[in-house]
Number of protein chains: 2
Amino acid sequence: MQQKAAIPVTIGHLKSACSQCNLRELCLPYGLSNPELELLDEMVGTRRKIKRHTHLYRSGDSFEAIYAIRAGFFKTDVLLEDGRDQVTGFQMAGEILGLDGISTEHHSCNAVALEDSDVCVIPFAKLEELSRQVTALQHNFHKVMSREIVRDHGLMMLLGTMRAEERLAAFLLNMSQRFVARGYSQQEFHLRMTREEIGSYLGLKLETVSRAFSKFQDEGYISVQQKHIRIIDIPGMRKLLNHQSPE
Amino acid sequence: MQQKAAIPVTIGHLKSACSQCNLRELCLPYGLSNPELELLDEMVGTRRKIKRHTHLYRSGDSFEAIYAIRAGFFKTDVLLEDGRDQVTGFQMAGEILGLDGISTEHHSCNAVALEDSDVCVIPFAKLEELSRQVTALQHNFHKVMSREIVRDHGLMMLLGTMRAEERLAAFLLNMSQRFVARGYSQQEFHLRMTREEIGSYLGLKLETVSRAFSKFQDEGYISVQQKHIRIIDIPGMRKLLNHQSPE
DNA sequence: CCGCCCGTTTGATCCACGTCAACGTGCCCG
DNA sequence: CGGGCACGTTGACGTGGATCAAACGGGCGG
């Protein structure tokens, strides 16, 4: 983004600088003082470029660091022995990847880039060390983990109680909201994932996802052109969520 | 359990003692040295008794502490505006409740005791303070949060990809495993929750849960007598999980 | 000890979504 | 520029689990 290296690198030994990062309001540096930010800059060792459709880490990899997404888009998924898998999340700039690895010292899911991406590598041992000294960092980190838990509960709710169209509406509104927080349009965006990945995330088959997209378009809620989505009627979409329960 | 107070109390000002607790291998004290345990004892201010069917906290309550279950059994659930709700977890002795509250300083789910229970109140500010000094505590706490995230991913997998009988099998094996870790029988236990609560947790209706119980019994996997379950064929149950995928 | 009530079981029917199949469509590479 | 291929759409049909309904059983209060 800032400079294009003449030699292609997969692991860039560029220094990151949290103090300069325009995502710091969304990420671990939030609310830190300048001297504290400098400590954080030291801790975040390197950045790493991840090409589209390659893994940042795989289930079973030993856990050493968490990753802050500087630019790009990821999915995480888990795999069952029998081959079934499920997308557990889509992550965008400013969000943290790798928290699943802390519990066992090994990652328990795969993280795959859905577009060429750029992450800050945060060695976990150093994070723990620094968060013993910087209270605000410690607190931010705890909030990040807790937010992940709350997010997961929301997804469980979706998977456990919602019907297909509600799930897709919830998904689109969630995307919209996250794009807004990053300064993009609320109603118009580009989805980086396939219908199958959306389906896996929402516990639906890709055909069902496709049909729901078509239905929303027919009813004037959205306009769909491949992966390009425009939400025409946001309040209408919201109503889809709350009202129509089968009981 | 140890002594019955003459006066009924809901908030007991009994000192807890992590150093004496027989659950310390499952809980935050794991691996701490004796002097560190004493610091922990100081931090854990009080214990609190929660009667069956009463709330430990409610969604929206301001967040001040997390809770370690000393004895008893809880469920957590989230509520949608339209009245639909979903059980997001069942918690037993040695497990931690309340982590959802860190992110917004308010709880985002309800915690209800399914039997008379007893929890250690861990003021969160003090926990953060102490975990800045005691590395092992800090690390344990991070592991507890991460474990919760991994658990949630497993549940998402269940809700997103498994059929009814697989879900129930997974649920029963999970219960069994957690009872073993607490020194109870692997094959025989008492469920504290109703069929409806199991259904809500598994994303099924209570009738479906009931039918699956009956089917398992007919096929000789388990014997069911109300809430009392005996698993007869554990390896058989495990096979139910992996093999029979529809694709 | 009886009767009520909540939780559970079981049966009959329905329907949302999965499955299978065919056809479009944008895009990359030769 | 054209052919292949992954991704997406749409249709016809099947089915697992929801829904509706009725009856059962066990625990508890009177």
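Chain A is the first sequence line, chain B the second, and so forth, proteins listed ahead of strands; every chain is numbered from 1.
At whole-Å resolution of the value, CE in B/M162 and C1' in D/dG17 are 17 Å apart. Here the C1' atom of nucleotide C/dC6 and the NE2 atom of B/H53 are 11 Å apart, to the nearest Å. Spacing between atom CG of A/L202 and atom P of C/dG18 amounts to 11 Å, rounded to whole angstrom units. Atom-to-atom, CZ of A/R163 to C1' of C/dC17 comes out at 10 Å; the value is rounded to the nearest Å. In this structure, the CD atom of B/E165 is 12 Å from the P atom of D/dA18, given to the nearest Å. Counting to the nearest Å, the C1' atom of D/dG14 and the NZ atom of A/K205 are 15 Å from each other. Look at CD on B/Q225: it is 15 Å from C1' on D/dC24, rounded to the nearest Å. Taking atom CD1 of residue B/I198 and atom C1' of nucleotide C/dT8, one finds them 11 Å apart after rounding to whole Å.
For the residue pair A/Q187 / A/S176, no side-chain donor-acceptor distance below 3.5 Å is found, with atom types taken as modelled. Between the side chains of A/S223 and A/Q225, no donor-acceptor pair is found at a separation under 3.5 Å. Under 3.5 Å, the side chains of A/Q91 and A/T76 contain a donor-acceptor pair of N or O atoms. Under 3.5 Å, the side chains of B/H153 and A/Q86 contain no donor-acceptor pair of N or O atoms.
Heavy atoms of B/G199 sit nowhere under 4.0 angstrom from any nucleic acid atom. Residue B/K227 is classed as a sugar-phosphate contact, given heavy-atom separations below 4.0 Å to backbone atoms only.
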Under 3.5 Å between N/O atoms: give me all the protein pairs with nucleotides 9-13 of chain D, atom names plus distance.
unit_1	atom_1	unit_2	atom_2	d
D/dT9	OP1	A/R195	NH2	3.4
D/dT9	OP2	A/R195	NE	2.9
D/dT9	OP2	A/S210	OG	2.8
D/dT9	O5'	A/S210	OG	3.2
D/dT10	OP2	A/S214	OG	2.5
D/dG11	N7	A/R211	NH1	2.8
D/dG11	O6	A/R211	NH2	3.2
D/dA12	N6	A/R211	NH2	3.4

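Panel note: side chain A/R230, backbone A/V224; no donor-acceptor pair is recorded below 3.5 Å. Side-chain N or O atoms of A/N110 include one that pairs as donor or acceptor with a backbone N or O of A/S59 at under 3.5 Å. Remark: side-chain polar atoms of A/S117 are paired, donor with acceptor, to backbone N or O of A/F73 under 3.5 angstrom.
Computed from C1' positions of five pairs at each end, the angle between the two local axes of the helix from C/dC1-D/dG30 to C/dG30-D/dC1 equals 40°, rounded to 10 degrees.
For A/T194, counting side-chain heavy atoms from C-beta on, the closest listed nucleotide (D/dC7, D/dA18, C/dT8) is D/dC7.
Ion pairing of A/R52 with A/E115 is absent here, as no side-chain N (NZ or NE/NH1/NH2) approaches a carboxylate O to less than 4.0 Å.
Other residues, nucleotides and ligands contribute at most 12 non-hydrogen atoms within 6.0 Å of the CZ atom of A/R58.
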